Amino acid sequence: MRLSQLFTKTSKTAPADEVSKNAQLLIQAGFVYKEMAGAYAYLPLGLKVVENIKQIVREEMNALGSNELIMTGLQRKDVWEKTGRWDDETVDVWFKSKLKDDTEVGFGWSHEEPIVEMLKQYIQSYKDLPVSVYQFQTKLRNELRAKSGIMRGREFVMKDMYSFHDSAESLEAYYNQSIEAYKRVFDRLGIGEETYVTFASGGAFTKFSHEFQTICDAGEDVIYLHRGKNIAVNEEVIDDAVKELGISRDELEKVKTAETGNIFNFGTQKTDEMGLHFTGQDGTEQSLYIGSYGIGITRVMGVIVEKFADERGIVWPEAVAPAKVYLARLGTETEVVRAADELYNELTKQGIGVLYDDREEARPGEKFADADLMGIPYRVVVSAKTVAANSYEIKRRSSNTKGDPELVNQTQLLKIMSSPI
RNA sequence: CGGGGUGUAGCGCAGCCUGGUAGCGCGCCGCGUUCGGGACGCGGAGGUCGUGGGUUCAAAUCCCGCCACCCCGACCA
């Protein structure tokens with residue numbers, strides 16, 4: 001992508017009405033636009049990040065044998081009434097409206113009930129099971145108060161997966177597989193080491209559910225952590241968990257975290273309430289077991305910004321960055337332009353994402369500052385100097401890599417660029 | 001939803017206390033000089049001062065209502 005064609009601009013000043021680091025930087029760098037409190041539009045660069053995160057999640061969900069689909073934003077009242085969750089007293093985040101003929105409809109804050117209802121049409125026999133489906137959906141929740149930028153909004157993108165089984169054992173096996181899949185997701189997103197499978201309140205069927213909690217000061221949760229034993233417990237169930245797991249509270253470290261994912265065993269309650277059954281091998285009607293598995297896509301994006309940003313701006317892990325390299329062209333001399341264009345074409349041809357700063361009016365300092373603010377992993381400079389030396393200058397963005405920019409030839413550059421993430 | 005704070009140019013702000021021609025920086029447009037870490041000079045454009053009402057000869061400024069945004073708390077199957 002050429003910056004000269006990108007309509008967004010960076011700003012030297014952070015927006016005054018945002019306090020959270022993620023919203024400030026994402027707005028400053030032109031990744032998101034705030035439409036209203038708790039609702040952000042994703043601009044080209046921000047959208048690229050969202051899509052990169054989604055793609056990683058998609059690959060891992062597909063590897064679990066799950067089927068991607070997309071449910072509707074508008075939802076039926078009667079479907080939710082079956083489980084008593086249409087009631088505003090029970091679910092206090094509903095956005096509701098009416099059709100022209102006065103039929104009440106809800107805006108999807110979750111999709112469990114509609115998916116169960118939908119699957120009644122397709123699941124009748126044990127031969128149809130197990131089934132796993134997932135989607136990336138914009139969830140709409142009428143939160144009393146939006147906060148923390150894109151980490152806690154009224155409109156956000158979530159991956160939600162649901163699995164359906166003919167036995168508790170089948171569900172449990174899949175549940176455990178999904179834990180491993182989630183770990184791979186967070187590893188690939190670059191926050192695996194800081195994300196803990198955490199015991200949390202379970203609900204009707206199991207004593208505990210599992211949350212994926214990422215250490216983050218801007219998060220809303222508090223967990224108790226034993227890094228050595230890799231045990232994490234949400235504050236809300238700490239007393240129960242200490243008893244259950246036979247650990248002492250004193251050996252646990254208290255840390256602030258953001259809930260980036262959660263998985264939940266529903267047992268058969270919801271399918272029974274909604275009348276989703278199957279015929280077993282013995283010809284009798286039996287109850288289905290459901291698991292539900294969420295990952296907050298846009299929240300993950302916010303957490304990544306919060307965790308890695310430094311005083312110069314965002315620092316994206318390579319796997320989610322909107323581009324792998326920021327190509328800064330300094331100068332407008334014919335040979336400089338030619339060299340930069342050629343490199344841009346070559347990198348693009350090789351499938352390497354490039355943000356090409358071909359702006360004629362921007363001075364070097366401005367380009368460097370933008371490269372830093374946008375958090376692109378590599379910065380490559382093409383200038384009269386580098387052309388004369390028949391080389392390119394390359395520098396990593398990440399704050400933990402020290403050292404000045406180095407000059408490399410095209411072969412070396414391409415080798416670095418195509419190296420595994 | 002309770003408490004607190006803030007709304008003035010695209011962005012960041014001053015002006016309000018003490019009413020009297022709406023200002024600064026960044027950004028934007030034009031010309032010139034510059035050109036490796038957000039350059040400089042000259043010229044220029046851009047404003048329902050959140051909104052509705054009230055007081056006054058006169059309101060960005062004083063009073064009342066409303067709206068929006070932010071923070072703390074509560075809430076977060």
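This is a predicted model, so every value here is computed, not measured. Chain naming here is simple, since letters A, B, ... match the order of the sequence lines and numbering starts at 1 in each.
Screening residues 364-377 of chain A for side chain to side chain donor-acceptor pair (under 3.5 Å), with sequence neighbours left out, gives A:Thr10-A:Asp370, A:Arg312-A:Asp372, A:Arg359-A:Asp370. A ring pair (Phe, Tyr, Trp, His ring centres under 6.0 Å) check over residues 24-46 of chain A, counting only residues at least two apart or in different chains, returns the pairs A:Phe31-A:Trp316.
For the side chain to side chain donor-acceptor pair (under 3.5 Å) test, no residue two or more places apart in sequence or in another chain qualifies with A:Glu235. Remark: A:Tyr378 engages no residue in a ring pair (Phe, Tyr, Trp, His ring centres under 6.0 Å) (not counting sequence neighbours). Scored by the side chain to side chain donor-acceptor pair (under 3.5 Å) test, A:Gln410 finds A:Tyr392 as partners (sequence neighbours excluded). Take A:Phe278 and apply the ring pair (Phe, Tyr, Trp, His ring centres under 6.0 Å) test, not counting sequence neighbours, and it matches no residue. Under the ring pair (Phe, Tyr, Trp, His ring centres under 6.0 Å) criterion, A:Tyr182 pairs with A:Phe212, not counting sequence neighbours. A:Tyr356 is linked by a ring pair (Phe, Tyr, Trp, His ring centres under 6.0 Å) to A:Tyr344, counting only residues two or more places apart in sequence or in another chain.
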Please produce a list of atom pairs where a protein N or O lies less than 3.5 Å from an N or O of nucleotides 3-10 of chain B.
none

Just the table, please: protein N/O against nucleotides 72-74 of chain B N/O, every pair under 3.5 Å.
{"residue": "B:C72", "atom": "OP2", "partner": "A:Arg145", "partner atom": "NH2", "Å": "2.5"}
{"residue": "B:G73", "atom": "N7", "partner": "A:Arg145", "partner atom": "NH1", "Å": "3.4"}

What nitrogen or oxygen pairs link the protein and nucleotides 45-49 of chain B at under 3.5 Å?
none

Nucleotides 27-36 of chain B: protein proximity per nucleotide (B base, S sugar-phosphate only, - neither; heavy atom, under 4.0 Å): SS-----BSB
